Amino acid sequence: MKKIIISGFLVLVTLLAFTTNIISKDSKETATATSISLSGNVMDLTSGETLAGVEVTLEGCDKKVYTDFDGNYSFTNLKPGKYSVIASYISYDKSYIEKIDLTSNEDLNIKLQSSN
């Protein structure tokens, strides 16, 4: 009788572990499917020259990136929602783009005005 109870308990534990694993995989796939990205280019307003090393920040989620040598930046794995974008660079006025509603992958090019 004890063997039947122990066997039943082991089967129950195994099924529970298997079910939990399936639910966990489904949650990860759903989270991946809803993640979006924001990317773009930062350039000088007057000359159109791309700017390398510009700090681009998403306000509200504390994510920060810097533009590459071609002025490109990219944020990945974002949740859909409203974000404010701040771009700052030495000798340029800070750019503040308020409440962009991200529902899908988005491109946002930013032009900075020289402060001189």
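For clarity, every value in this text was computed on a predicted model and none was experimentally measured.
Taking the side chain to side chain contact (heavy atoms under 4.5 Å, CB included) definition, one finds that Thr76 meets it with Ser37, Ser74, sequence neighbours left out. Legend: residues meeting side chain to side chain contact (heavy atoms under 4.5 Å, CB included) with Thr46, ordered by chain and number and at least two apart, are Asp44, Gln113. Residues that satisfy the side chain to side chain contact (heavy atoms under 4.5 Å, CB included) test with Asp62, not counting sequence neighbours, are absent from this structure. Every residue meeting the side chain to side chain donor-acceptor pair (under 3.5 Å) condition with Asn72, not counting sequence neighbours, appears here in chain and number order: Asn41. Scanning for ring-ring contact (aromatic ring centres under 6.0 Å, His included) contacts around Phe75 gives an empty result, with sequence neighbours left out. For the ring-ring contact (aromatic ring centres under 6.0 Å, His included) test, residues two or more places apart in sequence or in another chain that qualify with Tyr89 are Tyr92.
Across all their heavy atoms, Ala87 and Val54 have their closest contact at CB-CG1, 4.2 Å.
Counting only residues at least two apart or in different chains, ring-ring contact (aromatic ring centres under 6.0 Å, His included) contacts with residues 44-65 are absent. Within the structure, the salt bridge (Lys or Arg N to Asp or Glu O under 4.0 Å) test picks out no pair touching residues 105-116 (sequence neighbours left out). The list of salt bridge (Lys or Arg N to Asp or Glu O under 4.0 Å) pairs with a residue in residues 46-58, not counting sequence neighbours, reads Glu55-Lys64. Every pair tested for ring-ring contact (aromatic ring centres under 6.0 Å, His included) that includes a residue from residues 34-54 fails, sequence neighbours excluded, so the list is empty.
Under a 3.5 Å cut-off, the side chain of Thr67 and the backbone N or O of Val42 do not form any donor-acceptor pair. One N or O on the side chain of Ser84 and one on the backbone of Lys99 form a donor-acceptor pair closer than 3.5 Å.
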Would Leu78 and Leu58 count as a side-chain contact (heavy atoms from CB on, under 4.5 Å) if you check the C-alpha gap in whole Å, the side-chain angles of each, and the deciding distance to 0.1 Å?
-> CA-CA 10 Å; Leu78 299 174; Leu58 286 182; 3.7 Å; yes
Kindly determine whether Leu38 and Val85 satisfy side-chain contact (heavy atoms from CB on, under 4.5 Å), including the steps that lead there.
-> CA-CA 10 Å; Leu38 172 66; Val85 180; 4.0 Å; yes
Quick one: do Leu112 and Leu51 satisfy side-chain contact (heavy atoms from CB on, under 4.5 Å)? Show the steps, please.
-> CA-CA 9 Å; Leu112 295 180; Leu51 300 172; 4.1 Å; yes
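When the side chains of ILVMFWY residues are joined at heavy-atom separations under 4.5 Å, either directly or via intervening members, Tyr66 and Ile110 end up in two distinct hydrophobic clusters.
Clustering of Ile, Leu, Val, Met, Phe, Trp and Tyr by side-chain heavy atoms under 4.5 Å joins Ile86 with Tyr96. Residue Met43 belongs to no hydrophobic cluster, having no ILVMFWY side-chain heavy atom closer than 4.5 Å to its own.
Of the inter-residue distances, the one linking Leu108 atom CG with Leu102 atom CG reads 8.5 Å to the nearest 0.5 angstrom. Atom CG of Asn77 is separated from atom OG1 of Thr34 by 9.5 Å, given to the nearest 0.5 angstrom.
No side-chain heavy atom of Tyr73 sits under 4.5 Å from any side-chain heavy atom of Asp68.
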